[in-house]
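Take a look at the structure below.
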Amino acid sequence: MMVYRDKHILSAQQLRKLSEHKYSCFSASLLDPLLQPWWNWLVAQTPLWLAPNLITIVGLILNVVTTLILICYSPNGVEPPPRWTCLLCALGLFIYQSLDSIDGKQARRTNTSSPLGELFDHGCDSISTVFVALSACISCQLGHYPNWLFFQCFCAIALFYCAHWQTYVSGTMRFGRIDVTEAQFSIIAIHLVSAVLGPEFWLTKIPVVGLSWNYTILIFITFGYTLNIINFLKMFTEGGSGKNGSSVAGTSVLSPSIPLTLVVLPALMIAQKSPQNIFTEHASVYIMAFGMVAAKVTNKLVIAHMTKSEMEYLDWSLLGPSLLFLNQYFNCIVPEIWLLWFTLIWGTQDLLRYCAQVCLEICQHLRIDLFRIPYAPKGAAASSSHPATASVSSQSNFGSSADKNGGTTHRKSKSKPH
């Protein structure tokens, strides 16, 4: 097993580049300006001693736990889960979305902004994307259509990766009019409908049209995916921000396609060729297992962008998918479900240990704490008596979309079907 603590993940040059990183973002979101008063009020109620990254991780935990409760009652998206579990998911996602939106504002209030904030935020979002997409599919009973379930979940995972691929190429994270905030509130609405009318509602036919309600949802979500894909493809016509149209690291704009392909293509092949119908029978475990692998490669892409370095293609998290693939090649000498659970456990621990080690290295380099503000802040004025902290925070307002109230940037990450 790879022991991260025995070796440094980030080189000295990467850490130096990370310190110089400037966050750049453009957003045309429809909902963000409307939600700014709510976010501003919420952050004003937040204690100044509460670290921004702690706000982010609390929101993620609530989102994951509420989704896992839903999964326990409907692991394949076929059995209708209790209505209260859908309501719980709606509440968990709303809390996560709100906390994810104020962590950057809290960082500015306490003068604790840092490159670590952006990385930590995107890392949490990479995990959240998997659970948000899965919970939406279960809530509207997409398990009755396994191919659509696969398509929707893996599209969400892939588009989150593509958002950071685009950032790696152009140096600027861009969000369209219908993007992550709109997607999140659409999923909250799906959960609320399931909570009020019951998950079975999505299987009923629409009069005259003859399609079930969940097919209508599929059409709208696919339309949103299409818009995001079109925006993403514009990147190839515009070229990168590096030399001769390359990425920020001077690499080919197509280079990030390799890690994504190594996740999505095996997932599709294994699901389609499984003699034990592993995806149909264990949909939630399957999506979470490959979702953790995708989260790992996405985090590596984010680090490559922030450190302006080349991304490594092969990764230890691919061990699980490789074993599943080889097992099918040798006619499943090991029960597939055993290897699927191994893929989930291995991928989860590998992701968590990798992220922990990266955070530790960055904290040591910047001399900051991850979940603690190293002083008792008394508002913005308090930073003047702490020049070391102020120098770190003055590098830039890392990790977020444009603040619609004044044009400055904050830490909110919005690159979900994310």
*Answer yes or no: are there more than 12 heavy-atom neighbours, outside Phe325 itself, under 6.0 Å from its atom CZ?*
no
*So, Trp202 side chain and Val193 main chain: donor-acceptor pair closer than 3.5 Å or not?*
no
*Say whether, by atom type as modelled, one donor and one acceptor occur between the side chain of Thr112 and the main chain of Arg108 under 3.5 angstrom.*
no
*Atom CG in Leu70, atom SG in Cys137: separation rounded to 0.5 Å?*
11.0 Å
*Got a donor-acceptor contact below 3.5 angstrom from the Thr251 side chain to the Ser247 backbone?*
no
_Crowding at CD, Gln276 (>12 non-hydrogen neighbours, <6.0 Å)_ = yes
*Which is it for Ser257 and Thr261 under the side chain to side chain donor-acceptor pair (under 3.5 Å) test, yes or no, and what are the steps along the way?*
CA-CA 6 Å; Ser257 64; Thr261 303; 5.1 Å; no
*Where the side chain of Tyr286 meets the backbone of Ala271, is there a donor-acceptor pair that is under 3.5 Å apart?*
yes
*Step-by-step side chain to side chain contact (heavy atoms under 4.5 Å, CB included) determination, Ile138 to Leu134*: CA-CA 6 Å; Ile138 292 176; Leu134 181 56; 4.0 Å; yes
_Quick one, Phe371 and Phe120 - any side-chain contact, counting heavy atoms below 4.5 Å?_
yes
*Is there a side-chain contact between Thr204 and Glu200 (heavy atoms, below 4.5 Å)?*
no
*Taking the side chain as every heavy atom from C-beta outward, state whether Val78 and Gln141 have any pair of such atoms under 4.5 Å apart.*
no
*asked:* With a 3.5 Å distance limit and no angle check, can you tell me whether Ser322 reaches the backbone of Leu318 through a side-chain donor-acceptor pair?
replied: yes
*Atom of Gly291, atom of Ile157 and distance for their closest heavy-atom approach*: CA-CD1, 4.0 Å
*asked:* Under a plain distance cut-off of 3.5 Å, with no hydrogens placed, do Ser126 and Asn299 share a side-chain donor-acceptor pair?
replied: yes
*Are Trp39 and Asp32 close enough that some pair of their side-chain heavy atoms sits under 4.5 Å apart?*
yes
*How far apart are the C-alpha atoms of Gln36 and Lys105, what are their side-chain angles, what is the distance that settles it, and do they pass the side chain to side chain contact (heavy atoms under 4.5 Å, CB included) test?*
CA-CA 11 Å; Gln36 284 294 340; Lys105 296 178 182 290; 3.0 Å; yes
*Counting only heavy atoms not in Glu312, do more than 12 sit closer than 6.0 Å to its CD atom?*
no
_With heavy-atom distances below 4.5 Å as the criterion, would you say the side chains of Phe342 and Leu324 are in contact?_
no
*asked:* As an exercise, state the distance from SG of Cys140 to OH of Tyr145, rounded to the nearest 0.5 Å.
replied: 10.0 Å
*asked:* For a quick test of reading the model, state the closest non-hydrogen atom pair linking Ile362 to Leu10 and the distance between them.
replied: CG1-CD1, 3.8 Å
*What about the rings of His164 and Phe160, do their centers lie closer together than 6.0 Å?*
yes
*Looking at Gln106 and Val43, what are the two nearest heavy atoms and their distance?*
N-CG2, 3.7 Å
_Determine whether Glu310 and Ser255 satisfy the following criterion, side chain to side chain donor-acceptor pair (under 3.5 Å), listing intermediate values before the conclusion._
CA-CA 9 Å; Glu310 186 175 0; Ser255 59; over 6 Å; no
*Any donor-acceptor N/O pair, Arg83 side chain to Val196 backbone, under 3.5 Å*: yes
*Test log, rule side chain to side chain contact (heavy atoms under 4.5 Å, CB included), inputs Val65 and Ile69*: CA-CA 6 Å; Val65 169; Ile69 292 172; 4.2 Å; yes
*asked:* Between Gln357 and His8, do the side chains contain a donor N or O and an acceptor N or O under 3.5 Å apart?
replied: no
*Return yes if some donor-acceptor pair links the side-chain N/O of Ser284 with the main-chain N/O of Pro75 below 3.5 Å, else return no.*
yes
*Taking the side chain as C-beta and beyond, is there a heavy-atom pair between Trp346 and Met292 under 4.5 Å?*
no
_Can you tell me how far apart SG (Cys86) and CD1 (Ile190) are? Round to the nearest 0.5 Å._
10.5 Å
*Aromatic rings Phe150 and Phe279: how do their planes relate, parallel, tilted or perpendicular, breaks at 30° and 60°?*
perpendicular
*Quick one: sort the Trp148 and Phe151 rings into parallel, tilted or perpendicular, breaks at 30° and 60°.*
perpendicular
*Do you know which two heavy atoms are closest between Val248 and Thr167, and how far apart they sit?*
CG1-O, 4.3 Å
*asked:* Looking at Trp338, I want to see if its CH2 is surrounded by more than 12 non-hydrogen atoms of other residues, nucleotides or ligands under 6.0 Å.
replied: no
*Evaluate the side-chain proximity of Val169 to Trp165: yes if any heavy-atom separation is below 4.5 Å, no if none is.*
yes
*asked:* Using the ring centroid of each side chain, check whether Trp316 and Tyr354 are separated by less than 6.0 Å.
replied: no
*Taking every non-hydrogen atom, the tightest pair across Asn76 and Ala283*: OD1-N, 3.4 Å
*Any side-chain heavy-atom pair from Leu62 and Leu93 closer than 4.5 angstrom?*
no
*Atom pair OG (Ser98) and CG (Asp103), whose distance is rounded to the nearest 0.5 Å*: 11.0 Å
*Check against side chain to side chain contact (heavy atoms under 4.5 Å, CB included), Thr66 and Tyr96*: CA-CA 11 Å; Thr66 54; Tyr96 172 74; over 6 Å; no
*Under 3.5 Å, is there a donor-acceptor pair between the side chain of Gln97 and the main chain of Thr181?*
no
*Relative to each other, are the rings of Trp41 and Trp38 parallel, tilted or perpendicular (30° and 60° limits)?*
parallel
*Spacing of Ser101 atom OG and Leu42 atom CG [to the nearest 0.5 Å]*: 9.0 Å
*Sub-3.5 Å donor-acceptor pair from the side chain of Arg109 to the main-chain atoms of Thr46, do we have one?*
yes
*Specify the closest pair of heavy atoms between Ile102 and Ile55, including all atoms of both residues, with the distance to one decimal.*
CG1-CG2, 4.2 Å
*So, does Thr348 use its side chain to make a donor-acceptor pair with the main chain of Ile345 at under 3.5 Å?*
no
*Decide side chain to side chain donor-acceptor pair (under 3.5 Å) for Ser309 and Thr307; before the verdict, give the C-alpha distance in whole Å, the side-chain angles of both, and the deciding distance to 0.1 Å.*
CA-CA 5 Å; Ser309 58; Thr307 60; 2.7 Å; yes
*Interatomic distance, Ile9 atom CD1 to Lys300 atom NZ [nearest 0.5 angstrom]*: 9.0 Å
